[in-house]
Amino acid sequence: MYIDRTQYASRPSDGRIPQELAVYDRLEELNIPYIRVDHDHADTIEFCLEVEAVLGAKICKNLFLCNRQQTEFYLLMMPGDKPFKTKYLSAQLGCARLSFAGAEHMREFLQTVPGSVSALELLFDRENRVRLVIDRDLMQDEYISGHPGISTSTLRLRREDLLKYVDAAGHSPIYVNLPGPGQEA
């Protein structure tokens, strides 16, 4: 797997998909600095760990979820090394039977595909169909990283700047406390 070991502090100049360019446009509009690392599609934990080493920050886990009726949608951000247990999240959100939302909903609401979703795509959710949910443990890190619309780049942003970004996209996070490995909530 290829990783460009250069840390870039600006938008790419080569041909990128419109969704990725829209993320860079919004970051520039909001005057939010970031560090970018380019790489092959990051589709395994092992590869993400290599990207983290180059980026100098952990990549958070981003899960696109929905209720059983597929009427409520959630983007969960949590530490990448923390296991996801739906029963704890469901209890805190007051909804039953959360599961992974389909790729068609991800495309419709966030204009991205599985493996590439992050809070950066919330700028496309103008009707606020997706609720942003953040595990409080993630807020302990100085930086939060995510893909800008596609998993061939990863951006590192300061925690406060990511929150500024999602706020500008009209999303207020819901904070939850999810158990770590071997813990009960």
Side-chain angles (χ1 to χ4, degrees), residues 1-12 14 16-17 19-65 74-84 100 106 110-125 130-169 171-176 178 180-181:
M1 300 294 254
Y2 172 75
I3 300 174
D4 180 346
R5 304 243 173 235
T6 306
Q7 290 185 353
Y8 298 95
S10 62
R11 69 186 302 132
D14 56 347
R16 301 291 175 113
I17 63 171
Q19 296 90 327
E20 183 177 4
L21 295 175
V23 169
Y24 296 119
D25 289 345
R26 181 59 58 94
L27 289 166
E28 288 174 8
E29 287 170 19
L30 297 171
N31 200 29
I32 295 176
Y34 56 88
I35 297 296
R36 184 185 93 240
V37 170
D38 296 330
H39 46 75
D40 285 340
H41 280 281
D43 53 7
T44 67
I45 297 291
E46 295 78 17
F47 189 59
C48 285
L49 292 173
E50 290 182 44
V51 173
E52 285 178 357
V54 176
L55 196 58
K58 293 180 183 177
I59 298 173
C60 73
K61 190 181 295 184
N62 294 278
L63 304 177
F64 187 56
L65 307 165
Y74 303 90
L75 176 59
L76 171 64
M77 297 175 60
M78 60 187 291
D81 58 354
K82 189 182 257 195
F84 172 62
F100 291 99
M106 189 180 293
L110 301 175
Q111 296 185 21
T112 193
V113 296
S116 296
V117 72
S118 79
L120 297 171
E121 288 83 43
L122 288 171
L123 74 102
F124 301 114
D125 181 30
V130 180
R131 295 182 193 164
L132 177 61
V133 180
I134 302 176
D135 183 1
R136 277 187 171 71
D137 284 346
L138 194 62
M139 301 284 58
Q140 295 177 21
D141 294 336
E142 179 181 1
Y143 298 105
I144 296 179
S145 300
H147 302 303
I150 190 160
S151 66
T152 54
S153 292
T154 304
L155 304 184
R156 180 185 82 193
L157 290 86
R158 290 195 176 281
R159 174 187 61 236
E160 295 80 13
D161 287 335
L162 180 70
L163 294 174
K164 174 181 171 182
Y165 181 94
V166 298
D167 183 62
H171 289 76
S172 297
I174 300 166
Y175 293 96
V176 295
L178 299 175

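FYI, side chains are in, hydrogens and waters are out, and symmetry mates aren't considered; it's all heavy atoms of this structure. Quick caveat, the model's predicted, so the values are computed rather than measured.
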Restricting to non-hydrogen atoms, name the atom on [X] and the atom on [Y] that form the minimum distance, rounded to 0.1 Å.
{"X": "Ala119", "Y": "Asn62", "value": "N-OD1, 4.0 Å"}
{"X": "Cys48", "Y": "Ile59", "value": "O-CD1, 3.6 Å"}
{"X": "Gly149", "Y": "Ser116", "value": "O-CB, 3.9 Å"}
{"X": "Val23", "Y": "Pro148", "value": "CG1-CB, 3.9 Å"}
{"X": "Asp161", "Y": "Pro33", "value": "OD2-CD, 3.7 Å"}
{"X": "Asp141", "Y": "Arg159", "value": "O-NH1, 2.7 Å"}

Between Gln19 and Thr112, does a side-chain contact (heavy atoms from CB on, under 4.5 Å) hold up when you go through it step by step? CA-CA 8 Å; Gln19 296 90 327; Thr112 193; over 6 Å; no

May I ask you to decide whether Arg158 forms a salt bridge with Glu142, counting only side-chain N to carboxylate O separations under 4.0 Å? yes

For [Y], is there any backbone N or O sitting under 3.5 Å from a side-chain donor or acceptor partner on [X]?
{"X": "Lys164", "Y": "Ile32", "answer": "no"}
{"X": "Arg5", "Y": "Val54", "answer": "no"}
{"X": "Ser118", "Y": "Leu120", "answer": "yes"}
{"X": "Arg156", "Y": "Ile35", "answer": "no"}
{"X": "Arg136", "Y": "Tyr175", "answer": "yes"}
{"X": "Gln7", "Y": "Val37", "answer": "no"}

As an exercise, state the distance from [atom1] of [X] to [atom2] of [Y], rounded to the nearest 0.5 Å.
{"X": "Phe124", "Y": "Met106", "atom1": "CZ", "atom2": "CE", "value": "13.5 Å"}
{"X": "Ile174", "Y": "Tyr74", "atom1": "CD1", "atom2": "OH", "value": "6.5 Å"}
{"X": "Asp14", "Y": "Arg11", "atom1": "CG", "atom2": "CZ", "value": "11.0 Å"}
{"X": "Arg16", "Y": "Ser153", "atom1": "CZ", "atom2": "OG", "value": "4.0 Å"}
{"X": "Ile3", "Y": "Glu52", "atom1": "CD1", "atom2": "CD", "value": "10.5 Å"}
{"X": "Ile134", "Y": "Leu75", "atom1": "CD1", "atom2": "CG", "value": "8.5 Å"}

Are Tyr24 and Glu20 close enough that a side-chain donor and a side-chain acceptor fall under 3.5 Å? yes

Residues His147 and Thr154: side-chain donor-acceptor under 3.5 angstrom: yes

Lys58, NZ: over 12 other non-hydrogen atoms inside 6.0 angstrom: no

Could you tell me whether the side chain of [Y] reaches within less than 4.5 Å of the side chain of [X], counting heavy atoms only?
{"X": "Ile144", "Y": "Tyr165", "value": "no"}
{"X": "Leu162", "Y": "Met77", "value": "yes"}
{"X": "Phe47", "Y": "Asp40", "value": "yes"}
{"X": "Leu65", "Y": "Val133", "value": "no"}
{"X": "Leu55", "Y": "Leu155", "value": "no"}

Given Glu121, which partner from the list Ile150, Leu110, Val130 fulfils the side chain to side chain contact (heavy atoms under 4.5 Å, CB included) test? Leu110

Worked check of salt bridge (charged side-chain N to carboxylate O under 4.0 Å, His left out) between Asp137 and Lys82: CA-CA 10 Å; Asp137 284 346; Lys82 189 182 257 195; 2.6 Å; yes

